[in-house]
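Hydrogens, waters and symmetry mates play no part in the numbers below; they use all other heavy atoms, side chains included.
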Amino acid sequence: QLQLVESGGGLVPPGGSLRLSCAGSGFSVDDYTIGWFRQAPGKEREVVSCIGESDGSTYHANSVKGRFTISRDNSNHTVYLQMDGLSPEDTATYYCAAMGAPLGFKLCILWRSGNNYDMEYWGKGTLVTVSS
């Protein structure tokens, strides 16, 4: 069964940092655009960051720009989300998802809850709680 597995969530105080990891089970994330999404309680899921599979292009939502960094390590077949300067508003379950070429990067950036398309594979999520 092809799926994504996230790790690295936890409880962190405001201003703290976490690094989330996303790896494929049964396939390699190297061949896909990978996006990080989050869903806070009572809110819709939203796209946070995306990284392309070919040239490594990156996208970050305005709400996290300058604080979060998405990257990939093809030697470890893993995509990371480095989160710095965390605030309580960042509290959510974070999911990674994969979309194949050739439109994966564009579709990742444009993803919205309720779209007429979805990412191809999703992980089950990892909870990030920012609280003192």
Worksheet entry | Heavy-atom closest pair, residues S49 and C108 | O-SG, 4.3 Å
Worksheet item: Just by modelled atom types, is the T126 backbone N or O under 3.5 Å from a matching donor or acceptor in the E6 side chain?
Response: no
Response to the item:
The reported gap from OG in S21 to CD in Q82 (rounded to nearest 0.5 angstrom) is 9.5 Å
Worksheet item: Has the side chain of D73 got a donor or acceptor atom that lies under 3.5 Å from a matching backbone atom of S75?
Response: yes
Item to complete: Would you kindly confirm whether V64 and I70 end up in one hydrophobic cluster when ILVMFWY residues are joined by side chain heavy atoms under 4.5 Å apart?
Response: yes
Practice prompt. Mind running side-chain contact (heavy atoms from CB on, under 4.5 Å) on V128 and M83 for me, showing each step along the way?
Written response: CA-CA 10 Å; V128 171; M83 305 186 296; 3.8 Å; yes
Fill in: Closest contact, heavy atoms only, F105 versus T33
N-OG1, 3.2 Å
Worksheet item: Is there a donor-acceptor pair under 3.5 Å between the side chain of N115 and the backbone N or O of L110?
Response: yes
Item to complete: Calculate, to the nearest 0.5 Å, the distance between atoms CG and OG1 belonging to L86 and T129 respectively.
Response: 10.5 Å
Worksheet entry | E53 side chain reached by D31 side chain, heavy atoms, under 4.5 Å | no
Worksheet item: Any chain of hydrophobic side-chain contacts (each under 4.5 Å) joining M99 to V79?
Response: no
Item to complete: Give the cluster check for I109 versus I34: same hydrophobic cluster or not, with ILVMFWY residues linked at side-chain heavy-atom distances below 4.5 Å.
Response: no
Discussion item. Quick check with a 6.0 Å cut-off and a 45 degree axis cone: is R45 positioned over the face of F37's six-membered ring?
Written reply: no
Worksheet item: Looking only at atom types and distance, does a side-chain atom of T58 sit under 3.5 Å from a main-chain N or O of I51, one as donor and one as acceptor?
Response: no
Worksheet, complete the sentence: Between the OG1 atom in T93 and the CZ atom in R38, the distance rounded to the nearest 0.5 Å is 11.5 Å
Worksheet item: Hey, mind stepping through E44 and R112 against side-chain contact (heavy atoms from CB on, under 4.5 Å) and telling me if it holds?
Response: CA-CA 9 Å; E44 290 189 339; R112 299 291 184 272; over 6 Å; no
Discussion item. Under 4.5 Å between side-chain heavy atoms, counting indirect links through other Ile/Leu/Val/Met/Phe/Trp/Tyr residues: same cluster for F27 and Y80 or not?
Written reply: no
Worksheet item: Do you know which two heavy atoms are closest between C22 and W36, and how far apart they sit?
Response: CB-CZ2, 3.5 Å
Worksheet item: So how far is it from K106 NZ to S57 OG, rounded to the nearest 0.5 Å?
Response: 12.0 Å
Worksheet item: In the single-linkage hydrophobic clustering (I, L, V, M, F, W, Y; side-chain heavy atoms under 4.5 Å), do L107 and W111 co-cluster?
Response: yes
Worksheet item: Measuring from H77:NE2 to S25:OG, what's the distance to the nearest 0.5 Å?
Response: 13.5 Å
Discussion item. Ring-plane angle category for Y94 and F68, please: parallel below 30°, perpendicular beyond 60°, tilted otherwise.
Written reply: tilted
